[in-house]
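Heads up, the thing below is written out as structure tokens.
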Amino acid sequence: MAAPTRAVVWFRRDLRLDDNPAFAAATAAHDVVTALFVADLGLLDRVGPFRRRQLLADVAALDEELRTRAGGRLLVRVGDPRSVVPAEARARRARVVHWNDDPSPRARRRDAAVAAALTAAGIGTQRSWGTLVLPPGSVLTRAGSLSRVFTPFHRTWAATPWDPWPTPGGAHVDGDVGDVLPPPGDAPPVEAGAAAAVGRLEAFLERVDAYPEVRDRPDLDATSRLSVDLRFGTLSPRTVASVVGTSTPGRAAFVRQLAWRDWYAHLLVAHPTLATTSLSPHEPDWRHDPDGLAAWQEGRTG
């Protein structure tokens, strides 16, 4: 009898099970799957308290979702992913490590180091773009380049069909919980987990048609309230785009914002220095005005 095939799914900014191509591909192609989250304390110690609390709460909610829906648990390890991910893959006798890519330069450097270590150990990698509607490189001009102007990018983005994502399989999910997560402290800014994210999406559908007229009104509850969910991946952006749709001007205006989000990610992948330098060859004429900056910071501009 053949030994069961094993894989690791490395969760990062995709803290959900539904519409998650990395998790779906792993559970469809292998018999046993380890769901892994690496708590990088160096990173956690640098982020603000609200982001930290939300992340830790969403990770805990993913563990509960795995327990109730897949009969397994989220394996938490504390450390540097560049060493922890290859070590866990070897320890679990995994053939492949699956993950969803992240466009940030820091994440791409980290992921390149992880992929190199896995390759050296004879372990495969399978990477998806479950954090975006369309992957970088798929929305190009007729000349084959990425547009630096949003309107033509959006026109092509809206006409580009989505590649099908894998359908989840019936793999057994490991039940090892690993290390203890750092305590989040106070409650997160928004209710954690994928189920709560779906609830926010459904609530937004009741006000989305007025989105173009009222989205810039801070005195109204007019925005989607989905930014946290898209940031930590408790909702797939493709799910959001599909559920909202473009059947009314308000819905089309909101989905256009998801295209903006994709565009910036595509630009960052194509131009990693964009995180710290201007894309334009002509630097802006910066105005150094400490008094004006202080007035803006303190709400005294009128």
Side-chain angles (χ1 to χ4, degrees), residues 10 12-14 19-22 24-25 97-116 118-119 124-167 208 211-212 215-216 224 226-227 229-231 233 235-286:
W10 178 20
R12 298 111 61 81
R13 289 180 53 186
D14 54 347
D19 209 21
N20 184 329
V97 176
H98 297 252
W99 71 78
N100 288 304
D101 270 324
D102 183 322
S104 76
R106 180 187 180 280
R108 291 175 68 77
R109 290 192 297 270
R110 175 200 64 200
D111 294 353
V114 170
L118 290 169
T119 299
T125 62
Q126 184 168 332
R127 301 163 70 166
S128 308
W129 277 103
T131 56
L132 301 173
V133 177
L134 290 169
S138 66
V139 184
L140 303 175
T141 66
R142 291 182 179 179
S145 61
L146 174 61
S147 177
R148 295 191 178 192
V149 180
F150 175 69
T151 298
F153 174 89
H154 175 247
R155 190 181 305 117
T156 304
W157 182 92
T160 301
W162 297 356
D163 290 335
W165 280 356
T167 300
V208 65
Y211 181 77
R215 66 182 179 184
D216 295 326
S224 71
L226 299 177
S227 61
D229 301 307
L230 291 169
R231 174 64 182 84
L235 270 179
S236 156
R238 292 195 357 172
T239 293
V240 175
S242 178
V243 169
V244 174
T246 57
S247 60
T248 69
R251 290 170 183 252
F254 179 76
V255 171
R256 194 170 189 266
Q257 301 306 303
L258 296 176
W260 274 99
R261 182 176 179 271
D262 271 16
W263 183 52
Y264 282 120
H266 291 202
L267 284 170
L268 192 56
V269 169
H271 307 281
T273 59
L274 188 58
T276 54
T277 61
S278 172
L279 188 61
S280 170
H282 307 290
E283 289 293 333
D285 184 16
W286 295 109

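Owing to the predicted nature of the structure, the values given are computational and were not obtained by experimental measurement.
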Q. Is there a donor-acceptor contact under 3.5 Å from the side chain of Arg238 to the main chain of Asp19?
A. no
Q: Would you mind reporting whether Trp165 and Ser236 have side-chain heavy atoms less than 4.5 Å apart?
A: yes
Q: Determine, step by step, whether Arg215 and Phe254 satisfy the side-chain contact (heavy atoms from CB on, under 4.5 Å) criterion, reporting the C-alpha distance in whole Å, the side-chain angles of both residues, the deciding distance to 0.1 Å, and the verdict.
A: CA-CA 10 Å; Arg215 66 182 179 184; Phe254 179 76; over 6 Å; no
Q: Check the pair Ser224, Tyr211 against side-chain contact (heavy atoms from CB on, under 4.5 Å), reporting the backbone distance first and the verdict last.
A: CA-CA 9 Å; Ser224 71; Tyr211 181 77; 5.5 Å; no
Q. Considering only heavy atoms from C-beta outward, does the side chain of Arg261 approach that of Leu230 to under 4.5 Å?
A. yes
Q.
Check whether Arg12 reaches the backbone of Asn100 with its side chain - one donor and one acceptor, N or O, closer than 3.5 Å.
A. yes
(Q) Measuring only between side-chain heavy atoms, which start at C-beta, is Trp157 closer than 4.5 Å to Val133? (A) yes
Q | Residue list, ring pair (Phe, Tyr, Trp, His ring centres under 6.0 Å) with Trp260, at least two apart or on another chain | A | Phe150, Trp263, Tyr264
Q: Give a yes or no on whether the backbone of Thr156 and the side-chain of Thr160 come within a donor-acceptor separation of less than 3.5 Å.
A: yes
Q) Distance from Leu134 atom CG to Asp262 atom CG, nearest 0.5 Å? A) 6.0 Å
Q.
Give me the atom names and distance for the closest heavy-atom approach of Pro103 to Arg108.
A. O-CD, 3.5 Å
Q. Considering all heavy atoms of both residues, which atom of Pro136 and which atom of Leu132 are nearest to each other, and what is their separation?
A. CD-CD1, 3.8 Å
Q) Do Val139 and His154 come within less than 4.5 Å of each other through their side chains, counting heavy atoms only? A) no
Q | Test item: Thr273 side-chain N/O and Thr277 main-chain N/O as donor-acceptor pair under 3.5 Å | A | no
Q) Looking only at heavy atoms, what is the nearest atom pair of Ala115 and Arg127, with distance? A) CB-NH1, 4.1 Å
(Q) In the structure I gave you, are the side-chain heavy atoms of Arg251 and Thr248 within less than 4.5 Å of one another anywhere? (A) yes
Q. Thr246 versus Arg256: any side-chain heavy-atom pair under 4.5 Å?
A. no
**Q.** Gap separating the OG1 atom of Thr239 from the CG atom of Leu226, nearest 0.5 angstrom
**A.** 11.5 Å
Q. Once you round to the nearest 0.5 Å, how far does CZ of Arg155 lie from OG of Ser147?
A. 9.0 Å
Q.
So if I apply the salt bridge (Lys or Arg N to Asp or Glu O under 4.0 Å) rule between Arg13 and each of Asp102, Asp111, Asp229, which one comes out positive?
A. Asp102
Q. Should Trp99 and Val97 count as side-chain neighbours, where that means a heavy-atom distance under 4.5 Å?
A. yes
(Q) Tell me the closest heavy-atom pair linking Leu258 and Pro237, and the distance in Å. (A) CD1-O, 3.9 Å
Q) Just wondering, do Pro105 and Leu268 contact through their side chains at under 4.5 Å, heavy atoms? A) yes
Q: Please name the pair of heavy atoms, one in Pro166 and one in Ala24, separated by the smallest distance, quoted to 0.1 Å.
A: O-CB, 3.3 Å
Q) Got a sec, which residues hit side-chain hydrogen bond (donor to acceptor under 3.5 Å, both in side chains) with Thr131, two or more places apart in sequence or on another chain? A) none
